[in-house]
Amino acid sequence: MAEQQVYNIAVLAFTAAGVLILIALFFIPAPYGRHLKKSFGFAVNNRTGWLLMEAPASILFIVFLFWGNQHIGIVTVVFLLIWQAHYLYRSFIYPFRLIPRPMPLAVAFMGLFFNIMNTYLQGRWFAVIGPEYAASWLRDPRFIIGLAMFITGFAINKWADNVLHRLKRENPGTYRIPSGGLYNAISSPNYFGEIIEWSGWAVMTWSVPGAVFAFWTAANLMPRAWSHHRWYKRTFPDYPKERKALIPGVW
Ligand SMILES: NC(=O)c1ccc[n+]([C@@H]2O[C@H](COP(=O)([O-])OP(=O)(O)OC[C@H]3O[C@@H](n4cnc5c(N)ncnc54)[C@H](OP(=O)(O)O)[C@@H]3O)[C@@H](O)[C@H]2O)c1
């Protein structure tokens, strides 16, 4: 079978899986962190789990890009650098900032599966499936707007994760109500930032796999934001009433 056919099937299957995940996660929150369930079997340290899930996205992107003899243009190199800005942090820095606690191996394997599939779709798009981006793409409004969204989302996500890490370090073993900045408006600014970030990727690459990745990110994080929000309201009777789950002022 030609790679184009394999790729098309992978896009369809991955998108269908994203729809199922979106529905399933509203009923069964991904069992890690505050939603951890012992019934999900053997657990590893969360640092190991995050490293196992995320490092392949950083490494395999390079493999999928350079596998073959195709020409890699300047725009693809820019996309590679943007990708690595996220995944080098997420794979090799983020896990070591976590306070160690168990994470079911099953969760890590699901994340690993997602990252292998997604990295294949993104990497092969630039390598062989998609059109070659001319250098002038870097001046195209779609690239500029998408990049601005990516940087904004990246900044919100890192800031929001830092607030939570500080709270965790200061109150080991417990949870507190986060506050300040976007936390005054929504329960999960880290997820809000991540969704903006990968929506920016979809816009700046103007590609089918970019759109599928943005959809998957929302499919993963909308239900989790909803579960977190309900958990906060259940756990803290004084949780701010006006605070929304994920989208300021809306939801
Ligand atoms: N692209 C995607 O599909 C995708 C999917 C999942 C995650 N992510 C990203 O990965 C990052 C981590 O996600 P996550 O689901 O682990 O986030 P999370 O549930 O918000 O937890 C992040 C960290 O903050 C701690 N924490 C959260 N709320 C706290 C509170 N109120 N008080 C004290 N500590 C608190 C957590 O401790 P505990 O571990 O003890 O709960 C954990 O160490 C986020 O930036 C997210 O956007 C991306």
Side-chain angles (χ1 to χ4, degrees), residues 14 17-18 21-22 25 29-37 43-54 57-58 83 86-87 89-91 93-104 107-108 110-119 122 150 153-180 182-183 186-202 210 212-236 238-240 243 245-246:
F14 196 53
I21 283 290
L22 172 65
L25 288 179
Y32 68 95
R34 78 196 65 188
H35 308 293
L36 179 69
K37 287 212 170 51
V44 290
N45 184 293
N46 54 356
R47 292 180 168 176
T48 311
W50 276 96
L51 189 65
L52 176 71
M53 287 192 288
E54 304 292 328
S58 175
W83 181 270
H86 176 92
Y87 276 108
Y89 170 81
R90 181 68 81 223
S91 312
I93 298 173
Y94 180 82
F96 302 100
R97 305 190 66 200
L98 294 170
I99 304 276
R101 66 174 295 178
M103 171 190 265
V107 170
M110 279 188 252
L112 175 67
F113 167 77
F114 162 77
N115 276 317
I116 291 174
M117 279 297 291
N118 187 44
T119 307
Q122 312 301 321
F150 186 93
F154 185 89
I156 293 173
N157 176 263
K158 301 299 161 280
W159 166 80
D161 273 346
N162 284 341
V163 169
L164 297 181
H165 288 155
R166 205 173 318 121
L167 267 186
K168 197 81 192 176
R169 268 198 313 275
E170 288 167 2
N171 309 279
T174 60
Y175 293 90
R176 292 281 188 275
I177 301 177
S179 60
L182 262 177
Y183 277 105
I186 51 177
S187 295
S188 297
N190 50 348
Y191 301 158
F192 178 67
E194 183 107 17
I195 292 170
I196 294 177
E197 198 180 327
W198 294 112
S199 301
W201 175 263
V212 172
F213 186 10
F215 166 68
W216 250 94
T217 303
N220 248 324
L221 297 182
M222 281 171 59
R224 190 160 176 83
W226 184 241
S227 304
H228 276 17
H229 189 62
R230 290 197 314 168
W231 179 93
Y232 274 124
K233 291 208 286 195
R234 259 196 331 267
T235 309
F236 299 105
D238 55 339
Y239 196 68
R243 203 175 285 191
L246 183 67

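Remember, it's a predicted structure, so these values are computed and weren't measured experimentally. Order of listing sets the numbers, starting from 1, for every ligand and every atom in it. Counting begins at 1 with the first residue of the sequence.
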Is the contact between [X] and ligand 1 made by the side chain, the backbone, both, or neither, using heavy atoms and a 4.0 Å cut-off?
X: Asn190; value: both
X: Asn157; value: side chain
X: Tyr232; value: side chain
X: Asn171; value: neither

Could you identify the single nearest non-hydrogen protein atom to [atom] and state the distance to 0.1 Å?
atom: atom 32 (N) of ligand 1; value: Arg176 N, 3.2 Å
atom: atom 3 (O) of ligand 1; value: Asn220 ND2, 3.1 Å
atom: atom 26 (N) of ligand 1; value: Leu164 CB, 4.0 Å
atom: atom 10 (O) of ligand 1; value: Trp50 CH2, 3.3 Å
atom: atom 36 (C) of ligand 1; value: Lys168 CD, 4.5 Å
atom: atom 19 (O) of ligand 1; value: His228 NE2, 2.9 Å
atom: atom 41 (O) of ligand 1; value: Tyr175 OH, 2.6 Å
atom: atom 42 (C) of ligand 1; value: Leu98 CD2, 4.2 Å

Run down the list [options] and name the one with the heavy atom closest to [atom].
atom: atom 27 (C) of ligand 1; options: Glu197, Arg34, Met53; value: Arg34
atom: atom 18 (P) of ligand 1; options: Tyr32, Tyr94, Phe192, Tyr191; value: Tyr191
atom: atom 1 (N) of ligand 1; options: Glu194, Arg166, Arg224; value: Glu194

Do the ring planes of Trp198 and Phe150 sit parallel (below 30°), tilted (30 to 60°) or perpendicular (above 60°)?
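If you compare the ring of Trp198 with that of Phe150, the planes turn out perpendicular.
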Parallel under 30°, tilted from 30 to 60°, perpendicular over 60°: which one fits the rings of Phe114 and Phe213?
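Phe114 and Phe213: tilted rings.
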Return the CG to CG distance between Leu52 and Asn115, rounded to the nearest 0.5 Å.
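Here the rounded value is 10.0 Å.
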Rounded at 0.5 Å granularity, tell me how far NZ in Lys168 sits from CD1 in Ile99.
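Here the interatomic distance stands at 8.0 Å.
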For Arg243, salt bridge (charged side-chain N to carboxylate O under 4.0 Å, His left out) partners two or more places apart:
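So Arg243 forms no salt bridge (charged side-chain N to carboxylate O under 4.0 Å, His left out) with any residue.
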Flag side-chain contact, heavy atom, 4.5 Å: Trp50 against Tyr32:
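Yes, side chains in contact.
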Taking C-beta and beyond as the side chain, do Arg90 and Asp161 meet within less than 4.5 Å on heavy atoms?
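Yes - at least one pair of side-chain heavy atoms lies under 4.5 Å apart.
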Just one of Tyr175, Tyr232, Trp231 clears the ring pair (Phe, Tyr, Trp, His ring centres under 6.0 Å) bar with Tyr239, so which one?
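Exactly one candidate clears the test, Tyr232.
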Is it true that Arg224 and Glu194 make a salt bridge, defined as a side-chain N closer than 4.0 Å to a carboxylate O?
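Here Arg224 does not pair with Glu194 in a salt bridge, since their nearest N and O are not under 4.0 Å apart.
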Can you find a non-hydrogen atom of Phe114 under 4.0 Å from ligand 1?
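No.
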Whether Trp216 lies under 4.0 Å from ligand 1, heavy atom:
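No heavy atom of Trp216 comes that close to ligand 1.
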Are Tyr183 and Trp159 close enough that their ring centers fall under 6.0 Å?
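Distance test on ring centres: under 6.0 Å, yes.
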Could you say whether the N/O atoms of Arg101 and ligand 1 ever approach to under 3.5 Å?
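Checking ligand 1 against Arg101, an N or O pair does fall under 3.5 Å apart.
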Looking at every non-hydrogen atom in both residues, tell me the closest pair between Leu25 and Ser227 and how far apart they are.
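It is O-OG, 4.3 Å.
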